[in-house]
Every structure is written in C-alpha cells, then in structure tokens.
Amino acid sequence: MSRHYVVAAYKNLLKDKLFSFINISSLMVGLASSILILLFVFDELSYDKWITDGERIARVETTFSPIGRDPMDFAMSPGPALSSMLEDFPEVEAGVRMFFEGGYSFVLNGTTIDEAIVFADSDMFTVFEDFLIAGNPRTALTDNDSVVISETIRQKYFGDGPALGETLQRLNGQSLRVTGIMKDLLYNTHLDIDMMFRFDEARFENSPQIAKEWRGANVFTYLKFRPNTDLDAISERLPDMIDRRAVLTGYLADLDDRRSEAIELHLVPLQDIYLGSSRLGQISDWTGNSTGPGDGGLVKTLEVIAVLILGIAIINYINLSTAIASKRAREVSLRKIVGASRGQIIAQFLTESVLITLIALLGACALIELALPSYNQLIEKQLTLSFENYFDIGLWLIAASVVVGLVAGLYPALYLSGFKPARTLSNSAAGNLATGRLRSLLVVAQFSISIGLIICTSILFAQTKFATGKDLGFTKENMVVVRNIGSQQYATIGETLKTELLQIPRVKSVTRTAAVPSDLFEDNTRVSFSDQPGLEPIPISELSVDPDFFNTYEIAPIAGRLLEWQRGTDLVNIPQDGAPDSIPAASVVLNAEAVTHLGLKSPEAAIGRSFQAAVGSQPVDFTVIGVIADFNFKSIHEKVGAYLIYYEPNRLGTMTVRVDGEDMGNTLHAIDNVWTKLAPDEPISRSMLADNINNSYGDEERGGIAVMAFTLLGTLVAAAGLFGLASFAAEKRTKEIGIRKVFGARVVDVAMLLLWQFTRPALLANLIAWPLAWYIMRDWLDGFAYRIDIGTNYFLYAGGSALIIAWMTVAFHVLRVARANPIHALRHD
C-alpha cells in the first residue's frame, strides 16, 4: 500500500506542475534558510559545552556601585575574591585566577617573537582538568621559572622534537622550563590561552589592585563547584561574605561600612558566558581575538526567523492545497465510492506532503552547499553540512523534513478527506468556500511576518549606520594607533619615537595617551572639593594624555584653554623616589559631562575651580584650566563618561599618529621602519583607529546583514505562495470576470477588483505587524545610550514594500485575466 501511495503522489506532482513547483521551491528555500540559521545557532550554543565538568564551573563577575555614578559592570573580579570564597564556601572544590598580559618577547633562532601570556593559579588544571596533555597538573604551575605552552606554541618553538623539560629563552635573558603541554583549545570557547605562567602575587607587588585590593576587577576568576551545588543558594550568601572580608579603599572608601552595596559578585555558569555575559572586560578584549562575547539576542532573533520562514512555506502549502480542493474533490469522492477509507485518503495526502518536503530537502542541501562559502564569510565561521562526517545531522534533517511534511499536509489531508461523494459529484465547486476564510487569515499571517521582519531589519540597519557614522567628538579617520610603548622594556623610547615619527612627511601630528577610543578603559579616581568639606568625594573617570592629544584628535575647547607644553604647571609631577614633601599641583581639563557630574554650574564657571584627586595612590591638587565638548571614548551603547584629563608622563602607553591619508601604504611602512630602528627586537603593534571603533559594531553589522538576507528570503517565499494563490483565484473567477466585461467593465475595473482581493490582507497585516515590531525594536534600542528614534517612515516603508510586492506578484495573472476575451471566459467551466 505504501508503494501505491508514493506512486500516486508522484503522478499527482506531475499532474499539477505549478502547484508542485511553488510548493517544492518555497519549502526548498524555507528549509535551506532554516538549516543555515540553525547551523549558526547550534554552533553558537556549542561554546564551552565540550569542557569536562563545564556544568560545575562558573566565573565570578563584578558590579561596582560607587556613590555619585552609575554602577560599573565587569566580567572580571577583585583578586582577593578567590581566597575568600575558598575559605567561606566548602561547596567550592577548586578555583583559579587568570591575568592576561601581552608584550612578552621570546627568542627563536635569533628572531624575536611577541607572545600574549596568561598568569594562572596552580589549581588551573584542577578546574580545567582535561586541558593538560603532558606534565603533572599539580606541579606544572608551582614555579615562577616554569611555563605551560599549547601544542601550537610547542610546534612553533620545538617542531616535532620533545618540549617537556626544555627551555624557552625570553628576550630579557630569563630561561623558562616547559613543565606542561596544553592541548589547543577548540575554536568554540571564550577562553584564549597559548602560554601560561604561574600567578604569583609577589609579581604584582607594585600593582596591588591586581591581586590584593577589592577596589578593582582585574582578574578572571573561575570556580569549580562540587556536584549538585545550587549556584543560586551560593549567590545569596555572597553579600555576607563581602561584608565580612572586603576592605574598600580608593574611590570606594566611603562605602567601607556598606561593602555589599559597593561590590556585588555574580556567578555566571561557564557554559553561559559566551552568550550570557555582556559585562566590560571580556577575555577577547584583552587578547584581541574574535571568540566573544557572542550575541545572545541575535541567536534568539535568528531562531525566531528560522521558524517564521519555515512557517511561511508551510502556510503556502496549506493555502495552495486547499485552494485547489475543487480539482481533487472528484478524485477523493471516486476513491470513497470504490471503497477507500478516510484513513487511507489521509495517508495518501500525507505521503504527497512528505514526498514534496523530501524533494525540497534535496534541493535545500544543494542551495546550502552553494551558499555556505559566502555565508561563512559573512558570519566569520567555518560551518559545514557534511553527511559523511555528520551522520546524525543527516538523520536529524530527514526526520525534521518528515515532521515539516506532516505538519504542512495534515490540515489539507483532513479537509480533503472529509468530502462527501454525493455532494461533491453533484457540485464541482463543493468544499472550496469552507477554506476561503482560513486562506485569508493565513495570507494575513504571511504578510504580517514579512512586514514585521522588514521593519525590524530597517531599524537595525539604521541604528548600526547611526552608530558607525555618529560624530564622536573627535577625528577618527587616518589615525594610526601604536601600542606597547608603555611596557617596561620600551618606556624610554616614547619621546624619541614621537620625534622621529614627526619627521615622516605625511605625518601631521603625534600624541601619547594612556588609552585610545574603543579601548577597554576604566581608570577611576575621586574628586574632593576643599571648599565643600561636607561633600562626599565624587568618583570620576581619568585619562592621562600629553598636550598634543587635543591637536591630534582635533578637539577644541569650549571654555578656557588646553594643556600646553611650555607651562610647567600643566604637568603632574609625581616623585618616583618616595612621598613628596607636599602635595603636587597640576592643571586639568574637563569634558562637559564632568562639569555636570561635579555639580559645576557651567563650563565657564568651572574654569579656575580647584579640587583634589588621586593619580594612582598620589593625591594631586588640580586646577581646571579648560573644558572640552563631550566625546564618545567607548561604544554608543554607553553614555558619555565624565573625564578628568591631565598629563602624567609615566602613564602613557599608547601612541596615536595622525596622517594626511595620501599614500597610506608608504606612510605605514615608514612608521614601521622608525619602530624597527628604535625597537629592533619588538614587533610593532599598530592598527587604524577607525577600524578599532567600527569593529566594536562588527557583530551588529554582520548580524543585520544576516537578518536582512533571511528577511528577503522569507518575503520571496511568501511572494511565491501569493503567486500560486493569484493563479488559482484568477482561474476561479474567470467566468465572473467574463460576465462583468460583457456588461461593460473596463480592463482597469477588472484589474482593480483582483488587486483589491490581495490588497486587503496586506493592509490588515500592517495592523498586526506594526505594534509588534515597534515593541520588539524599542526594547532592542534601549540597549543603546544614543539611539535613533523609531519614526513612522520605517512602518510606512515596510507596509508599502509589502503592498508593492503583492501587486507585482499578482500583476501577471491580473493583466492576463483582465485582458482576456470574455467569449472564452463564458465558455469556461
């Protein structure tokens, strides 16, 4: 019997070629789109799932809430948090802190190679127990002259020879013994580790904020909990631990009696970090790779789009199947007369539906293979669809396609199998009216989905364009960023490098700064006004720059003057050989937000005001000499910060070179040559400032393109179904149109009659799609401190586009029927 069903289904496919083509092509595009989306989704959801005992590991993240400013969220944690949790929570089996650092140079065959390294506690391989493949996990990180390397690093320095027990030579003369080989981590992890040293607190004696102080978040802390530990219960006990153990200093000192209000620790499960952690200071910010964080919102959005596109294809099948019910009515009735049961007829139609879906699946796989190279380039992944290597995926696709076929064919099967032979054979149009309302509702649903997707995509692109094109308050084009000049080894070459770079013909200006826009930057201090002794110290961000900063970034004052080289008072002079006899005094420039933040009346009123703030641990008496307009140092997801801008020469680790933009290749080559001359053993680390800033919106831009592409595909699928419905509607109304033309109806009258049939669903769909799209995109835009307004133009554009698509889709059938000879129409049966 099953073979008979397949043969009959095949014949029916050939009998009505238009119906078959539209259903197969729409299901093919729908399946291909859904599969491409799900390949991306499954890949994003796979991050860190492969790590042994990953479900028992969590990262400690931090929120600081100083008085007078918004809370600050960090993916890192204070250095002492680990020891406190190990002592207070027996549920913690082991823990490890990681501190990422770059600029470590090694010598290989006379060549200097720069490597990024990680400092980690000795329990690293107790927490991540399957990472080490050679060496003793208990002793690999117990010696400061030891190093653990990845397989890639082993191959780089030792080739195929032995590495364990061998030595690596640093450029500074230190010899490091290889005590462990770590496997190369899979690409789908937020971690990025190639070379690891022991985290020894003595290394950071001069930087107590890293390992000993609670006022900063500078390490990544991972905890491995005992089986069946309730993380929510642990989280509820964290405030008590902070109140007992934390000692607050610096900008948090005023909250030392309310410690758990100033510091909040969060436990983020390891497997949720990639998509679930959006706090500042992710590992990718330190290592510069592209492993995270992922966009959980984009993943959910694409999941919904996958379902919607497939839903549109299923709606097409239901609509077309019920639309041609009259053609199948006699067939069904004759089958019943000769003894076929309703169950057999249902089985016949479901077989047809599943066969169509499986044929569509084969076409979808071909489309996927064609699209994957471009798709991978867009999303920056290497996804594959190989049944050889992924047999389970093949089985899953076939099973999913069968389910889709059953879902799509179930209603038509139940509807068609319910025809009454006597009524059907006496009335060829029997049954068709019963599904008219359903088809109208489904067409409205299709239009609603398409319009909603068009609105969301338009707003997404407009916001991304706004983000990348917004006036940031400074010049970002033709700016070359050179890093690592603040490292201990090359700190002395800074001014010489700057002097020689200025000799390059196309270099217009050079400045040294503590950081540049788009950097992970959150240095804070506290401002105290001597003339307001009762006022709580005010936390504020600080930025050290040399006086050429304003000229290089083309930032002008809105009140007062800027820092100048020739004025000794514009320099923060902190003694390097101990505490000074008196507190040093210096000039400071504020941005407009800082004026408001400090409670000053206006930029003009701020000039000459004095206050005290700490630079590092050294108090400095500052006098305001100038105010500049606000500038976006970070992403526009965040509000403009309030900044104290001063010149302290020992805090300038980055250089920005403004060039004229002509002959950029040779100019960059000249910059490289100057660096090589002054630091021959250190590879230059440079980038373009505009690229750095634009890359911060790269995921949103790529996500927007992906959403747009799938929105267009979904609209195409809907249009294909509309084309089929228009064909059947035109055929059904042939005689009616002939009579209308005989009684004087013009071609334009007939055309408007048919167009109105498909215009009503499009207009009604707007009433559904507009409020839903507005609600969704309003929530998304709330994640930006600076955002576009949701104007009516997006809704009118989407509604108009859907209407035009509908008209263009049915235009062929409308004109063909409207211009037909009424004599032929009246002969139509």
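Just so it is clear, the model here is predicted, and its values are computed rather than measured.
Side-chain contact check for Arg154 versus Val178: every heavy-atom pair is 4.5 Å or farther apart. Arg59 is listed as a side-chain neighbour of His190, based on a closest heavy-atom distance under 4.5 Å. In this structure, Ser277 and Asp272 have side chains that are not in contact, with every pair of non-hydrogen atoms separated by 4.5 Å or more. In this structure, Leu275 and Tyr47 have side chains that are not in contact, with every pair of non-hydrogen atoms separated by 4.5 Å or more. Asp143 places a side-chain heavy atom less than 4.5 Å from the side chain of Arg177. With contacts defined as side-chain heavy-atom distances shorter than 4.5 Å, the pair Val516/Met479 does not qualify. The closest side-chain heavy-atom distance from Phe40 to Leu378 is not below 4.5 Å.
Between Arg170 and Glu115 there is no salt bridge, since no side-chain N of the basic residue sits under 4.0 Å from a carboxylate O of the acidic one. Salt-bridge annotation for Lys300 and Glu44: absent, with no side-chain N of the basic residue lying under 4.0 Å from a carboxylate O of the acidic one. With salt bridges taken as basic N to acidic carboxylate O contacts below 4.0 Å, one links Lys381 and Asp43. A salt bridge does not link Arg198 with Asp121: none of the charged nitrogens is closer than 4.0 Å to a carboxylate oxygen. Under 4.0 Å is where a charged nitrogen must lie from a carboxylate oxygen, and between Asp672 and Arg686 at least one such pair does. Comment: Arg279 engages Glu61 in a salt bridge, judged by a side-chain N to carboxylate O separation of less than 4.0 angstrom. Arg56 has a carboxylate O that lies under 4.0 Å from a charged side-chain N of Asp53, or vice versa, which qualifies the two as a salt bridge.
A donor-acceptor pair is defined here as one N or O able to donate and one able to accept, closer than 3.5 Å; no such pair exists between the side chain of Asp123 and the backbone of Ala94. Side chain of Ser83 to main chain of Pro80: a donor-acceptor pair is present (N/O by atom type, distance under 3.5 Å, no hydrogens or angles). Between the side chain of Glu648 and the backbone N or O of Asn650 there is at least one donor-acceptor pair closer than 3.5 Å. Using modelled atom types, one side-chain atom of Asn218 and one backbone atom of Gln209 make a donor-acceptor pair closer than 3.5 Å. With hydrogens and angles disregarded, no donor-acceptor distance shorter than 3.5 Å links the side chain of Ser122 to the backbone of Leu141. No donor-acceptor pair closer than 3.5 Å links the side chain of Asp88 to the backbone N or O of Met241. Arg506 places no side-chain N or O within donor-acceptor distance of the main-chain N or O of Val659, the cut-off being under 3.5 Å. One N or O on the side chain of Arg203 and one on the backbone of Asn144 form a donor-acceptor pair closer than 3.5 Å. Checking side-chain atoms of Thr189 against main-chain N and O of Leu191 turns up a donor-acceptor pair under 3.5 Å. Although no hydrogens or angles enter the test, the distance criterion places a donor-acceptor pair under 3.5 Å between the side chain of Trp50 and the main chain of Asn188.
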Verify side-chain contact (heavy atoms from CB on, under 4.5 Å) between Ile193 and Ile283, making sure each step is shown before the conclusion. CA-CA 10 Å; Ile193 306 170; Ile283 288 178; over 6 Å; no

Please step through side-chain contact (heavy atoms from CB on, under 4.5 Å) for the pair Thr221 and Val96, ending with a clear verdict. CA-CA 6 Å; Thr221 302; Val96 60; over 6 Å; no

In sequence, state the C-alpha distance, the side-chain angles, and the governing distance for Trp675 and Glu500, and then conclude on side-chain contact (heavy atoms from CB on, under 4.5 Å). CA-CA 9 Å; Trp675 176 273; Glu500 297 214 11; over 6 Å; no

Evaluate Glu91 against Ile234 for side-chain contact (heavy atoms from CB on, under 4.5 Å), listing each step before the verdict. CA-CA 9 Å; Glu91 297 91 341; Ile234 298 290; 3.6 Å; yes

Using side chain to side chain donor-acceptor pair (under 3.5 Å), reason through Thr63 and His266 one step at a time and then give a plain yes or no. CA-CA 8 Å; Thr63 298; His266 313 272; 2.8 Å; yes

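Between Val118 and Asp192, the closest heavy-atom pair is CG2-O, 4.3 Å. Closest approach of Val147 and Ile149 over heavy atoms only: CG2-CG2, 4.0 Å. When all heavy atoms of Leu497 and Leu678 are compared, the closest pair comes out as CA-CD1, 3.5 Å. Considering all non-hydrogen atoms of both residues, Thr126 and Lys224 come closest at O-NZ, 3.3 Å. When every heavy atom of Phe197 is checked against every heavy atom of Leu176, the shortest pair comes out as CZ-CD1, 3.4 Å. Taking all atoms of both residues into account, the shortest heavy-atom contact from Ala58 to Leu231 is CB-CD1, 4.2 Å.
Thr656 and Tyr553 share a donor-acceptor pair across their side chains, judged by distance under 3.5 Å alone. In this structure, a donor-acceptor pair under 3.5 Å is present between the side chains of Ser175 and Gln169. For the residue pair Thr552 / Thr511, no side-chain donor-acceptor distance below 3.5 Å is found, with atom types taken as modelled. Side chain to side chain, Gln174 and Asp145 meet the donor-acceptor criterion of an N or O pair below 3.5 Å. With no hydrogens or angles considered, no side-chain donor-acceptor pair links Glu264 and Thr62 at under 3.5 Å.
Ring planes of Phe128 and Tyr222: perpendicular class, angle over 60° (limits at 30 and 60°).
Enclosure of atom CZ in Arg138 is not indicated, since only 12 or fewer non-hydrogen atoms of other residues, nucleotides or ligands lie within 6.0 angstrom. The local environment of NZ in Lys677 is sparse, with at most 12 non-hydrogen atoms from other residues, nucleotides or ligands closer than 6.0 Å.
Centroid-to-centroid, the aromatic rings of Phe199 and Phe119 stay 6.0 Å apart or farther.
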